[in-house]
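Worksheet for the structure shown next.
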Amino acid sequence: MKQQKLVGAWLMLGVAMLMIQVLLGGITRLTGSGLSITEWKPLLGALPPASETEWLRLFEKYKQIAQFKVLNTDFSLENFKFIFFWEWFHRNWARFIGIVFLLPFVWFLWKRMIRKEWVPGLIALFTLGLAQGLIGWIMVASGLNDENLYVSHIRLAIHFLSAMVLIAFTYSFGLFLWVSPEQRVINSPLRKLTMGILILLGIQLLYGAFMAGLKAGSAAPTWPDQNGVFLPTSFDIASCFHAPLTIHFIHRNLAYGVSMLVIFWYLQARKVHMSTALYRYRMIPLLLVIVQVCLGIFTVLRSQHPSRNAMGGFETLALLHQATAMCLVMSFVWALFMLRPAKSL
């Protein structure tokens with residue numbers, strides 16, 4: 001059991017590092033740094049440029065894309081070094097995560113601490129991690145051309161959601177190793193409600209990524225209305241995926257719907273046995289959703305005042321909004337795990 005707890009702690013460390021990685025990705029996006037490195041070198045790219053000549057070579061490559069030609073023509077080499085740092089740090093943190101996952105895994109194997117029934121899950125975990133790196137480069141490549149100023153918001157959403165799937169999977173695996181069956185609760189209606197909320201949160205995260213990729217917050221920097229109205233003037237299937245105002249409308253109103261469901265979830269969670277962890281921590285999702293809605297409102301109201309290639313007030317609020325969203329999702333991943341199926345032994 002002690003060995004199982006140790007493997008679980010390793011996975012939980014991975015969860016924390018993955019969440020930091022997502023926030024680093026948020027900083028990279030908010031500071032406009034994501035397209036600064038135009039090469040994909042998974043191994044050789046770990047070291048920063050070692051000479052002025054190498055810096056100038058990389059800067060020249062950045063000058064060939066539309067983002068520089070349209071937005072950053074006044075950039076000096078020092079400006080470029082700033083945005084280069086955040087993308088480089090983001091990629092290197094991913095490499096560090098790989099080391100933290102791989103080396104202990106080899107040690108656990110050597111000590112025979114990995115049970116056979118855990119192997120498929122660990123293989124899936126490593127596969128998801130490798131896929132995430134590839135998806136990240138595919139996303140970046142969508143902005144390395146003479147037309148696009150930013151990466152594709154669709155690919156950004158895929159990158160973000162795949163990261164959240166990886167985090168949720170790793171967290172659930174860690175809970176499986178940490179939590180005894182006796183600590184879990186059987187409550188089928190509450191479990192179904194929790195699953196429904198998680199699905200809605202997934203859709204909300206998708207539209208949050210669309211908001212970020214299209215900078216849709218600044219399209220309607222007002223609240224509670226959207227530029228004086230409460231419904232978009234045009235609404236069709238295509239606009240749900242590409243029109244900033246429609247995406248903003250969906251994201252905003254989904255937040256209200258999720259909030260109502262979380263309040264209902266809290267009231268239902270009060271009915272479980274008082275001795276359970278689910279009862280003791282039932283307030284956490286409710287508090288998180290309240291904070292998240294408030295951060296969303298403040299971020300929208302501040303969205304017309306972004307800082308250029310820096311972390312100002314708007315960028316800080318947006319990053320806190322993203323961090324709280326992750327915590328909210330993880331709180332329901334935890335709740336779903338604690339609500340074991342009725343047929344579970």
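Both backbone and side-chain heavy atoms feed into the values below; hydrogens, waters and symmetry mates do not.
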Ring geometry between Phe105 and Trp10 (parallel below 30°, tilted from 30 to 60°, perpendicular above 60°): parallel

Salt-bridge criterion met for Arg308 and Asp74 (N-O under 4.0 Å): yes

Pair Glu39-Arg57, salt bridge (charged side-chain N to carboxylate O under 4.0 Å, His left out): steps then yes or no: CA-CA 12 Å; Glu39 302 172 339; Arg57 184 186 73 82; 2.9 Å; yes

Thr31 side-chain N/O to Ile27 backbone N/O, donor-acceptor pair under 3.5 Å: yes

Residues forming a ring-ring contact (aromatic ring centres under 6.0 Å, His included) with Phe241, sequence neighbours excluded: none

Heavy-atom side-chain contact between Tyr150 and Leu214 under 4.5 Å: no

Ring centroid separation Phe173 to Trp118 under 6.0 Å: no

Residues that, via side-chain heavy atoms closer than 4.5 angstrom, fall in one hydrophobic cluster with Val229: none

Flag if over 12 foreign heavy atoms under 6.0 Å of CZ, Phe126: yes

Lys/Arg cation over aromatic Phe59: Lys63, 6.0 Å, 45° cone: yes

Polar side-chain atom of Asn79 near backbone of Ser76 as donor-acceptor pair, under 3.5 Å: yes

Pairing residues for Val293 by the side-chain contact (heavy atoms from CB on, under 4.5 Å) criterion, not counting sequence neighbours: Ser259, Ile297

Validation row, ring centre Tyr62 to ring centre Phe80 under 6.0 Å: yes

Residue that, paired with Phe210, satisfies ring pair (Phe, Tyr, Trp, His ring centres under 6.0 Å) out of His242, His153, His251: His153

Lys/Arg cation over aromatic Tyr279: Arg270, 6.0 Å, 45° cone: no

Residue Lys192 excluded, over 12 heavy atoms near NZ under 6.0 Å: no

Close aromatic pair by centroid cut-off 6.0 Å: Trp334 and Phe337: no

Contact summary for Pro244 and Ala216, nearest pair of heavy atoms: O-CB, 3.6 Å

Heavy atoms of other groups near Met311 CE, more than 12 under 6.0 Å: yes

